[in-house]
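Let me begin by presenting the structure, written as structure tokens, before commenting on it.
FYI, the numbering just counts along the sequence from 1.
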Amino acid sequence: MRVGLAMPTALSVMAGGALGGWLGPGGNSLWLTTLLGMLLLLLAAVRGRYCLWWLMACWGLVAVQSQWANQLPLGLTGEDVRVEGRVAETQQVKDGMRLLLDVQRCEAPARRPACKGLERVRVSAYAFADVLPKPGERWQMTLRLRPPTGFMNPGTFDFAHWLWREGIHATGYVRQDPPSKRLTAAPFSLRQQAHAGLQDQPLAPRTKRWLAALTLGLGDQLVQDDWELLNASGTTHLVVISGLHVGLVASFVLLIARQAARWVSPGNWRLQAWPWWLSGVAALGYAVLAGMAPPAMRAMIMTVVGLWVMSGRHAPGPWQGWWLALAAVLMLDPVALWRPGLWLSFLAVAWLIIIWQGRPRPQGLRGWGWALLRSQLLLAPLMAAAVLIAFGRVAPAAPLINLIAVPFMSLVMVPLALLGWLLTPLPYASTAAWWLFEQGLEVFYTALEYAVVHWPQWEPPRYLHLPWALGLCVTALSWGLPGMAAWLRRGALVAVIVVPFWPASPRSAEGELIITVYDVGQGQLVELRSADYRMLVDTGPRYRSGFMPIETLWPPGQYFDRVMVSHGDSDHAGGVQALRDQHRVGEWRAPSSEPLAVASNACERGDRWQRDGVSYQVLWPNAEQAEASANDRSCVLAIDVGGQRVVITGDVGREVERRLVGDLDAPITALVAGHHGSASSSGPQFVRAADPRHVIFSAGRDNPFGHPSDTVVRRFREQGSCLWNTAQDGAVQLRLMPGAAPEIKTLRQVFKPRQRC
């Protein structure tokens, strides 16, 4: 590619990819591509030199849209499909393992949509007794799949979008019957061979995990505790195969090769091109060894372009090289446009070009040390702003940690890790290098834990994201750009310090209550929040893998005045452990006979309290209900806000509902339907007596129980109720205020407004 075409080519692919992502799964790329093709022919007749850019835009559009098109058809949701595929990755989870499969063949049941477009799936497996799948092996499995989805809650990680941009077209689990069968063993893989050899080393398990991640790109070997520590300290980038690792390999090979060139041809060694070529080949080889994941591919391309620029042979300038690398990455992988990592890495490189352009090259150890310090100090605020916008969090200690961690990893840890591999033919020498790595890792790990405890990760309110990010950007620009006034630099620093103390969003008025029914899958979690009071009803489910949706809702350290667990079923009490370990709770309440992992007071009929002008009353259970079923012992809570009433019934059945009819002061403003909309609840008499204006079903998407029941849905519709379902609408939020009409909104309305009831 000519250097002069790099920028328009990159912009063309970006435009096509942005359009493809904006159209979403409903976009029809076939007719749009046909239209673009016709315009291309017309353009070719008028201005032929623009054809390449138009083709690149079409390529970006088609590549991104194909990600949507290859997803599992809705008609196969919950159906058993038979697949043959290669195991790409394995990861141990509680009681089983998680597999990433590259599908080579897929057979759907008769009279169902075909699944030929399915290319990659992510499934949980609990059925392997003797032979466990290994990366590279081909297996035949029966899977129960669903399209890639995630929970829809405000301000949380968009798991569905992450699956899409990673090219995962379905999720699910492996069926035990018929049993899975291994078809072929894994072919020879230097990467897997190296990993197997690493497992035989006399090293601690944590050391093996980090060596596999740092040198082989096997990030799936890190456990959840490792990732939580890296995220909380803002050092995740250090363990991903990126420019740091690929650049070190290329620099080491270049250093050795240029020294060899000096010995071979001392008269003209500076003019030799082969050291630069050899360094580029080394960067490519290491990226391939590390699995050529998107970060490794980006780092390899940027390193090769950087080597070309520095070689000085008809090479482009830094900005031309930057655009050339971006164009190459997007041409190879247009979906990378939607990955935050792409923009974080290219933004960092662009800023380094800006702050060093026109400056002399550092000389000596002191000069390079000051250059590293200056680069890190100027890079930290800009990257913090980018991370805040992309992920909604900031690690306050990240700039200080990275100031020490980046050179420590660059000059000590990664070289020791790579040196161990180079010395593999000398077992004792290799073990010695990795033993030193292990000691350094212990120091590194201890320092991160200390920093995280004393400067925990900050997830500011959403209204602070933009002002604080702007403040950080202004600070970076005022100190990084030449010729900026001293008063502007000092003012930017003051602004960044002041923004965290920005006046909070408007305080809730007396008597105002915000009720949020979160999307937690097949379970229930309701938050009640007023001016000075915060309460939870239920804690959501806990899945077999150990995952609890409540962990994704808030940063650690939240305080709840009261948590009422309606009953002990796992879909209501599954998150108790996470709530106990990560947050603070003033009082726990649950039915007296329910065994919970925490000490709790009993919730009994007749309990009343009032906070911030809001009245709360427990309608059930009676004291004599100790022998009833767990569902019929559920705590039933009624809330009154200036005559507007909300009732949360847990999982009580029709018999209990009939006993509650006399306690209802109809019409009910909102009812959280009993038992997720099961036919065992929401009986005709109760529905007529409650006459709810709004009904909220807290149910899982495509759940196997068929919740909410068609009969129950029909019953509420005949009553004239407005129906909401967390499975379809995401989190449902109800705002109540005395003397004002209730306001209800969902996360789905942000993307697809629905008609108001």
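- Dense packing is recorded around CH2 of W319, with more than 12 heavy atoms of other residues, nucleotides or ligands lying under 6.0 Å away.
- Two residues are said to be in side-chain contact when any heavy atoms from C-beta on lie closer than 4.5 Å; P334 and W59 meet this criterion.
- Contact of the V64 side chain with the L337 side chain is not registered, since no non-hydrogen atoms from C-beta on lie closer than 4.5 Å.
- Under the 3.5 Å distance criterion, the side-chain polar atoms of D102 are left unmatched by any main-chain donor or acceptor of R86.
- A donor and an acceptor atom, one from each side chain of R82 and Q140, are located under 3.5 Å apart.
- Atom-to-atom distance recorded for D519:CG and Q728:CD is 9.5 Å, nearest 0.5 angstrom.
- We find the OG-CG distance between S279 and L307 to be 4.0 Å, quoted to the nearest 0.5 Å.
- With hydrogens and angles disregarded, no donor-acceptor distance shorter than 3.5 Å links the side chain of D333 to the backbone of V329.
- A salt bridge links D80 with R175: at least one charged nitrogen is closer than 4.0 Å to a carboxylate oxygen.
- Two residues are said to be in side-chain contact when any heavy atoms from C-beta on lie closer than 4.5 Å; V87 and K134 fail this criterion.
- A donor-acceptor pair under 3.5 Å is formed between the side chain of W322 and the backbone N or O of F346.
- With rounding to the nearest 0.5 Å, the separation of OG1 in T77 from CG in D702 is 5.0 Å.
- Using modelled atom types, one side-chain atom of Y286 and one backbone atom of T215 make a donor-acceptor pair closer than 3.5 Å.
- The line from CG of L477 to CD1 of I354 is 7.5 Å long, rounded to the nearest 0.5 Å.
- In this structure, W162 places its CH2 atom where more than 12 heavy-atom neighbours from other residues, nucleotides or ligands lie under 6.0 Å away.
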Item to complete: Step by step, work out the side-chain contact (heavy atoms from CB on, under 4.5 Å) result for R122 and E166.
Response: CA-CA 11 Å; R122 187 174 188 256; E166 293 299 317; over 6 Å; no

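- Put simply, the side chain of Q221 does not reach to within 4.5 Å of the side chain of D226, judged on heavy atoms.
- F151 and F547 have parallel rings, their planes meeting at less than 30° on a 0 to 90° scale where 60° marks the start of perpendicular.
- Side-chain N or O atoms of W724 include none that pairs as donor or acceptor with a backbone N or O of A731 at under 3.5 Å.
- Here CG of L99 is found 8.0 Å from OG of S124. Values are rounded to the nearest 0.5 Å.
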